[in-house]
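Take a look at the structure below.
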Amino acid sequence: MPNLKESLEEIYNKLFKAFGPQNWWPAETTFEVIVGAILTQNTAWVNVEKAINHLKKEKVLTPLALKKVPLKRLALLIKPSGYYNQKAKKLKNFIDFLYKEYQGSLSKMFREETFTLRKKLLKIKGIGPETADSILLYAGNKPIFVIDAYTRRVLLHHHLIEGKLDYSSLQKIFMQNLEHHPQLFNEYHALLVRLGKEFCRATPKCKDCPLEGLN
DNA sequence: GACCAGGCACATC
DNA sequence: GATGTGCATGGT
C-alpha cells in the first residue's frame with residue numbers, strides 16, 4: 001500500500017493524462033471569479049453563466065457598479081442562478097466588506113496575508129469554506145486547496161477516505177501531502193470535478209474510469 | 001415530474 | 001456536535 005502522498009500524486013498524474021488541463025476558472029476578470037464563486041453555490045454552472053451574462057450586459061460586473069445597483073434589481077439579474085434573493089444579499093455582503101476593509105480594491109484585498117484573509121472572508125454572511133477557498137485560489141492565486149462535493153465523492157468512491165470527514169480534514173489531506181503551488185491546486189481540484197462529473201457516480205464500478213486499477 | 005447541480009445559515013435536538 | 005431544513009432556477 002503506497003502512502004497517501006504517493007497516491008495523491010498518482011491520482012493527479014492519471015487524471016491529467018486522461019483529461020488534460022481544465023483551464024479553470026472560466027472568467028475574464030478577477031471580480032468575475034469572485035461573483036461566480038458565490039453564484040455557483042449548489043448550482044449548475046450553466047445557470048451561473050446566464051446570471052453572469054446578465055451582469056455583463058448590464059455593466060454591473062465591477063465592484064463599484066455592484067455596490068450601486070439596488071438589491072432588488074441585482075436579484076432579478078442573477079435569477080437564473082437560483083436562490084437569487086439569498087445570493088443577491090451575499091454579493092452585497094461581499095461588496096460591503098471589500099469597501100469597508102480595502103476601499104473597494106481587490107488587489108489591496110489580496111495583498112492581505114492569506115490565512116488572515118481567509119478568516120475575514122469566512123466572517124462574511126454567505127461565504128463558507130468552499131467559497132472562501134475558491135476566491136483565494138481561483139481569484140487570488142493563493143495556494144489553498146478547494147474541497148467540494150465532487151472531491152468528497154471521488155475520495156469516497158475510490159476508498160481513499162472512510163466515512164464522513166469534515167471540510168478541513170479533507171483539505172488537510174491535500175495540503176499536507178502536496179507542494180503548495182497554486183497552479184497545482186487549481187488544476188487538481190478542476191480535474192477532480194471533471195472526474196466526479198463523468199465518473200464516481202455509478203456503483204459499484206465505473207466503466208473506463210481513469211483511476212481504475214488504483215486500489 | 002422527480003432529481004440534481006462546483007453551499008450556506010440557521011433551527012432544533 | 002450532529003442532523004434537518006429553507007433557499008430556487010434550469011437541465012436531464
Side-chain angles (χ1 to χ4, degrees), chain A residues 11-12 15 19 21-27 30-55 57 71-97 118-142 144-157 161-171 173-174 182-203 206:
Chain A
I11 289 170
Y12 179 80
L15 292 179
F19 295 134
Q22 300 298 297
N23 299 313
W24 270 32
W25 187 292
T30 302
F31 189 62
E32 185 180 333
V33 176
I34 295 172
V35 170
I38 291 172
L39 294 185
T40 198
Q41 291 172 3
N42 203 37
T43 299
W45 184 253
V46 286
N47 291 344
V48 177
E49 283 182 320
K50 295 176 203 295
I52 288 194
N53 285 336
H54 287 167
L55 297 176
K57 201 184 301 177
L71 181 65
K72 285 206 167 174
R73 174 163 157 70
L74 177 57
L76 290 179
L77 288 173
I78 64 169
K79 194 166 183 179
S81 71
Y83 309 125
Y84 55 92
N85 290 311
Q86 303 262 328
K87 285 175 179 173
K89 282 183 201 157
K90 295 179 183 189
L91 289 173
K92 285 290 193 182
N93 290 343
F94 173 76
I95 292 293
D96 289 345
F97 164 78
R118 186 176 194 274
K119 275 185 197 158
K120 290 186 175 182
L121 289 171
L122 287 174
K123 283 187 190 164
I124 301 170
K125 199 177 288 186
I127 293 187
E130 182 183 339
T131 308
D133 291 341
S134 294
I135 290 171
L136 290 167
L137 177 62
Y138 289 104
N141 202 34
K142 309 292 182 185
I144 299 284
F145 204 94
V146 177
I147 301 299
D148 65 2
Y150 289 120
T151 316
R152 189 175 267 106
R153 185 192 299 168
V154 168
L155 293 180
L156 271 174
H157 199 246
I161 57 170
E162 293 174 20
K164 52 208 170 199
L165 295 180
D166 62 19
Y167 189 96
S168 67
S169 308
L170 289 169
Q171 189 173 45
I173 290 177
F174 291 93
Q183 190 48 45
L184 171 65
F185 285 180
N186 176 327
E187 199 63 64
Y188 206 146
H189 175 69
L191 286 166
L192 287 173
V193 172
R194 173 75 182 271
L195 179 72
K197 280 184 176 173
E198 298 183 21
F199 301 94
C200 305
R201 181 178 298 279
T203 51
C206 316

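Since we're looking at a predicted model, the values are computed, not measured. Naming: A, B, ... by sequence-line order, numbering from 1 per chain.
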In whole angstroms, how far is the [atom2] atom of [N] from the [atom1] atom of [X]?
X: Trp45(A); N: dC4(B); atom1: CH2; atom2: C1'; answer: 18 Å
X: Asp133(A); N: dC8(B); atom1: CG; atom2: C1'; answer: 14 Å
X: Ile38(A); N: dC8(B); atom1: CD1; atom2: C1'; answer: 11 Å
X: Leu165(A); N: dA2(C); atom1: CG; atom2: C1'; answer: 15 Å
X: Asn93(A); N: dC8(B); atom1: CG; atom2: P; answer: 14 Å
X: Leu39(A); N: dA5(B); atom1: CG; atom2: C1'; answer: 14 Å
X: Asp148(A); N: dC4(B); atom1: CG; atom2: P; answer: 17 Å
X: Ile147(A); N: dG7(B); atom1: CD1; atom2: P; answer: 12 Å

State whether Arg153(A) places a side-chain N or O below 4.0 Å from either non-bridging phosphate oxygen (OP1 or OP2) of dC4(B).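 False: Arg153(A) side-chain N/O out of range (4.0 Å or more) of dC4(B) OP1/OP2.
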
Does dC4(B) have OP1 or OP2 sitting under 4.0 Å from an N or O in the side chain of Asn42(A)?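 No, Asn42(A) has no side-chain N/O under 4.0 Å of OP1/OP2 on dC4(B).
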
At 4.0 Å (heavy atoms only), tell me whether Lys164(A) reaches a base, stays on the sugar-phosphate, or touches nothing.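 It contacts sugar-phosphate atoms only.
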
How is Arg152(A) classified with respect to the nucleic acid when contacts are heavy atoms under 4.0 Å: base, sugar-phosphate, or nothing?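 The answer is nothing, as Arg152(A) stays clear of every strand by at least 4.0 Å.
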
Output yes when a side-chain donor or acceptor of Lys87(A) lies under 3.5 Å from a complementary backbone atom of Leu39(A), and no otherwise.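 Such a contact is found between Lys87(A) side chain and Leu39(A) backbone.
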
Where do Thr30(A) and Val33(A) land on the side chain to side chain contact (heavy atoms under 4.5 Å, CB included) test, with the steps shown first? CA-CA 5 Å; Thr30(A) 302; Val33(A) 176; 5.6 Å; no

I'd like to check the ring pair (Phe, Tyr, Trp, His ring centres under 6.0 Å) partners of Tyr138(A); sequence neighbours left out, ordered by chain and number.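 Per chain and number, Tyr138(A) pairs via ring pair (Phe, Tyr, Trp, His ring centres under 6.0 Å) with Trp24(A), Trp25(A).
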
Mind checking ring pair (Phe, Tyr, Trp, His ring centres under 6.0 Å) for Phe185(A) and listing every partner two or more places apart, or none if nothing turns up?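 Applying ring pair (Phe, Tyr, Trp, His ring centres under 6.0 Å) to Phe185(A) gives Phe145(A), His180(A).
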
Quick one: which protein N/O atoms are closer than 3.5 Å to N/O atoms of nucleotides 9-13 of chain B? Pair and distance per line, please.
residue, atom, partner, partner atom, Å
dA9(B), OP1, Gly126(A), N, 3.0
dC10(B), OP1, Lys125(A), NZ, 3.1

[atom1] of [X] to [atom2] of [Y]: how many Å apart, nearest 0.5 Å?
X: Leu77(A); Y: Ile52(A); atom1: CG; atom2: CD1; answer: 12.5 Å
X: Phe19(A); Y: Glu198(A); atom1: CZ; atom2: CD; answer: 5.0 Å
X: Ile95(A); Y: Lys90(A); atom1: CD1; atom2: NZ; answer: 15.5 Å

Rounded distance in Å between the P positions of dC4(B) and dT5(C):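 16 Å, rounded to whole Å.
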
Run the side chain to side chain contact (heavy atoms under 4.5 Å, CB included) test against Lys197(A) and tell me which residues pass, sequence neighbours left out.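 For Lys197(A), the residues satisfying side chain to side chain contact (heavy atoms under 4.5 Å, CB included) (neighbours in sequence not counted) are Tyr150(A), Val193(A).
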
Applying side-chain hydrogen bond (donor to acceptor under 3.5 Å, both in side chains), which residue pairs with at least one partner in residues 124-137 of chain A are found, sequence neighbours left out?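 Non-adjacent pairs meeting side-chain hydrogen bond (donor to acceptor under 3.5 Å, both in side chains): Gln41(A)-Thr131(A), Arg118(A)-Asp133(A), Asp133(A)-Tyr167(A), Asp133(A)-Gln171(A).
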
Name the pairs: protein N/O against N/O of nucleotides 9-12 of chain C, kept only if under 3.5 Å.
residue, atom, partner, partner atom, Å
dT9(C), O2, Asn47(A), ND2, 3.2
dG10(C), O4', Asn47(A), OD1, 3.0
dG10(C), O4', Asn47(A), ND2, 3.2
dG11(C), OP1, Lys50(A), NZ, 3.1

